[in-house]
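In what follows, a structure is listed as structure tokens, so that the remarks can point back to it.
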Amino acid sequence: MKKRARTSVDKAVVDVWQREVGELSTRNFAHRLAASEDLVLRLEIYKKLKKHRGCVNTVSFNADGNILVSGSDDKRVILWDWETGNAKLTFQSGHVNNVFQAKIMPYSDDRSLVTCAADGQVRHAQILERGVETKLLAKHQGRAHKVVIEPGSPYIFYTCGEDGLVQHIDLRTAASTELFTCRPVDDSRAYMPFIHLNAIAIDPRNPNLFAVAGSDEYTRLYDIRKYKWDGSNDIGQPTDYFCPPHLIGNDQVGITGLTFSDQSELLVSYSDEFIYLFTRDMGLGPNPIPSSPLSACNEASDIGLDHSATDANEKAIPQVYEGHRNCETVKGVNFFGPKADYVVSGSDCGHIFIWRKKGGELIRVMEADKDVVNCIESHPHTTVLASSGIESDIKIWTPKAIDKPTLPAKIEQFKPKPRGWLYRLTTPRDLMFHLFSLQRREASPERNALSLSAASRELLGHILAFNANSDASSDGGNASGPEDLFS
């Protein structure tokens, strides 16, 4: 006879009994509880934090999890007591444009914060008895999307921006070191002199390794140990590349978000595509230009990466998570659960999507914003999520719902109609790169004079329409006015 599958309630009762008789440690019991799908299905809005006056582009918890820090298009940074919904501290960031990232440095008594913004500035804020002091640490040419803190360090962090530059900053000296500018992998994209970087992440298991990604299909992995402080270094050459085989050579996609799990898994969110989970043995090696996706696997095996001859093809295919839409803004992606048991992402339809990490099954869709959800941050210790997007508030999610919702039968109903590539271009640099790309394709020998004329008219139309479509930043906020476009 087949045994009846044990329900989640049955399992919870057994777990409690095992804990009480000493067969299950308190730590393992807490992990099992926090990773319970029953709790994920009961997530519901607990608080709405309302004080910003613009899109909220960043939310993150401190190490203890009792403070949430946020940054917005209103150029302010707010520290929240998220449990009560009260703002503990509000201050002007010192930026002159939308704040894209704000993080509290660990082991600083929550008094040291770093920020970056659409003005390209990277700033340090210190909370003193007499108020908050901010100072400029570094500058990018173009928007600076992300900062990432070296795990466990109260002083060291990295930053990346749309100029392709990656910088290493030490707060003890307040000095920034320009490590390298990220370049395309070959000469086939001469119209793109550097990669616009949207995301950067550090491997928590090996803080010497960090990954960056942006306006092409590759995630690049670097090793800071290759940097020689006398300037003679080759850190500009990645130690590994990651890309789903079917996206290699696709110049229509880019990457908006990435993060590492505690098991060194790499989660990558693509624009106009899906989310992929890579393990370290899925890398393409330091030379990602194969003649075919299959040869990429073979080449990685030849250079000594952890590919086996029998299952190289299987390992080369990352786990995929789909159902959401990531076209209009720069969205992050994250793990959820004590052992990264789930994958979470926002969507252009204003919903939060939650998948099981193992297997990629979509288990939850939650309405979180009238327009777009960009940021989802997991609490460091418990089953709590913070989300933000185009709206000016922040939602705190806790498993307090009495009834468990069912998954919508038709996910497609949530997908908004694409508003086209022009909606996503918000700076003159974005516009010019796209126009050069169009012109390069239209100028191919297969095109005749009539199509060239039509292409020229199309380019002129794009230029004239640009100002009317540049009223939102890439992270969902307001861009500069027309007078600032070409300054």
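Being a predicted model, the structure only gives us computed values, none of them experimental.
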Over 12 foreign heavy atoms within 6.0 Å of NZ, K358: no
Heavy-atom pair with the smallest gap, counting every atom of H124 and V114: CD2-CG1, 4.3 Å
Pair D262 + K339: basic N to acidic O under 4.0 Å: no
Aromatic contact, Y218 with F242 (centres under 6.0 Å): no
Ring centroid separation H379 to W397 under 6.0 Å: no
Identified side chain to side chain donor-acceptor pair (under 3.5 Å) counterpart of N57 within the set D73, N98, T329: D73
Sidechain N-carboxylate O distance under 4.0 Å for D187, R183: no
Verdict with supporting geometry, D223 and R225, salt bridge (Lys or Arg N to Asp or Glu O under 4.0 Å): CA-CA 5 Å; D223 191 336; R225 290 169 296 188; 2.9 Å; yes
F180/Y222 aromatic ring centres below 6.0 Å: yes
Whether over 12 other heavy atoms sit under 6.0 Å from D403 CG: no
Carboxylate-amine/guanidinium contact D203 R205, below 4.0 Å: no
salt_bridge(E37, R356) N-O dist < 4.0 Å: yes
Validation row, ring centre F335 to ring centre Y342 under 6.0 Å: no
Cationic N near anionic O, under 4.0 Å, K357 to E265: yes
Side chains of D281 and T279, donor plus acceptor under 3.5 Å: yes
